[in-house]
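Remarks on the structure that follows.
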Amino acid sequence: MTNIVKAHRMPGTLKAAQFIITLEVAFGLVGLAITLASFFATFQWGILPGLIYVAGSTALLGWLLSRWSSRRTYLRWAIIAVHLLLIGAAILDLALFSAVTWNAVFGSHILAWAVIVLLFLPSAGRWFSESRA
């Protein structure tokens, strides 16, 4: 006989976070296409680190998004850590060129900050702690 387990529906805040991560992956793929086109048009090797960054971050976010339905607790913290890492890398880049401003830290990374805030909400903690078996 099959045991029926009642699963809680995903809260709207998590649906919004999932949609934002989907947007980030889509924008990352567009950025990857543009970076690839500019690299192959000019063959400037200085574009290569940017290409690796865009490809790696997009692939990592896409992989984490594909694991979303597992509802594992570590996945929530991994998504938060990746977003903080991406923001930190952008801030480091800005700091190296003395261009750190409030708008550069918060304004240009509003989607990443939104995902972080949405995943820190208690409803996200409850939903991710009840993993599907």
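Position 1 is the first residue of the sequence; numbering continues from there.
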* F27 atom CZ: more than 12 heavy-atom contacts under 6.0 Å -> no
* So F43 and F40, would you call those rings parallel, tilted or perpendicular, with 30° and 60° as cut-offs? -> perpendicular
* Asked: Given the rule that I, L, V, M, F, W and Y join up when any side-chain heavy atoms are under 4.5 Å apart, are L94 and W102 in one cluster?
  -> yes
* To do: Please answer: with hydrophobic residues joined when any side-chain heavy atoms are less than 4.5 Å apart, are V105 and I116 in the same cluster?
  => yes
* Asked: Closest approach of R76 and G125, non-hydrogen atoms and distance?
  -> NH1-CA, 3.2 Å
* Inter-residue atom distance S129.OG - R72.CZ, 0.5 Å rounding -> 12.5 Å
* To do: Please report the shortest heavy-atom distance between I87 and A112, naming the atom on each side.
  => CD1-CB, 3.7 Å
* **For Q18 against L65, the heavy-atom pair lying closest together** => CG-CD1, 3.8 Å
* Asked: Are W127 and V117 connected in the hydrophobic side-chain network, where two residues link if heavy atoms are under 4.5 Å apart?
  -> no
* Considering only heavy atoms from C-beta outward, does the side chain of F19 approach that of L23 to under 4.5 Å? -> yes
* To do: Supply the atom-to-atom distance I80 CD1 to L75 CG, rounded to the nearest 0.5 angstrom.
  => 10.0 Å
* With no hydrogens and no angle check, is any side-chain donor or acceptor of H83 less than 3.5 Å from a backbone partner on I79? -> yes
* Indicate yes or no: at least one non-hydrogen side-chain atom of L64 is less than 4.5 angstrom from one of I21. => no
* Asked: Is I91 reachable from F97 through a run of I, L, V, M, F, W or Y residues, each pair having side-chain heavy atoms under 4.5 Å apart?
  -> no
* To do: Have a look at F128 and tell me which of Y74, W68, W77 forms a ring-ring contact (aromatic ring centres under 6.0 Å, His included) with it.
  => W68
* Taking C-beta and beyond as the side chain, do I34 and V54 meet within less than 4.5 Å on heavy atoms? -> no
* **Which atom of S123 lies closest to which atom of T13, heavy atoms considered** => OG-OG1, 3.3 Å
* Asked: Between R9 and K15, which heavy-atom pair has the shortest distance, and what is it?
  -> NH2-NZ, 4.0 Å
* Look up atom OG in S57 and atom CD1 in I52, then write down how far apart they are to the nearest 0.5 Å. => 11.5 Å
* **Atom pair CG (L36) and CG (L29), whose distance is rounded to the nearest 0.5 Å** => 10.5 Å
* Asked: F120 and F106: same hydrophobic cluster, using ILVMFWY side-chain contacts below 4.5 Å?
  -> yes
* **Nearest heavy-atom neighbours spanning A55 and L32** => CB-CD1, 3.8 Å
* To do: Could you please spell out the steps behind the side-chain contact (heavy atoms from CB on, under 4.5 Å) verdict for I20 and L118?
  => CA-CA 10 Å; I20 291 171; L118 290 172; 4.2 Å; yes
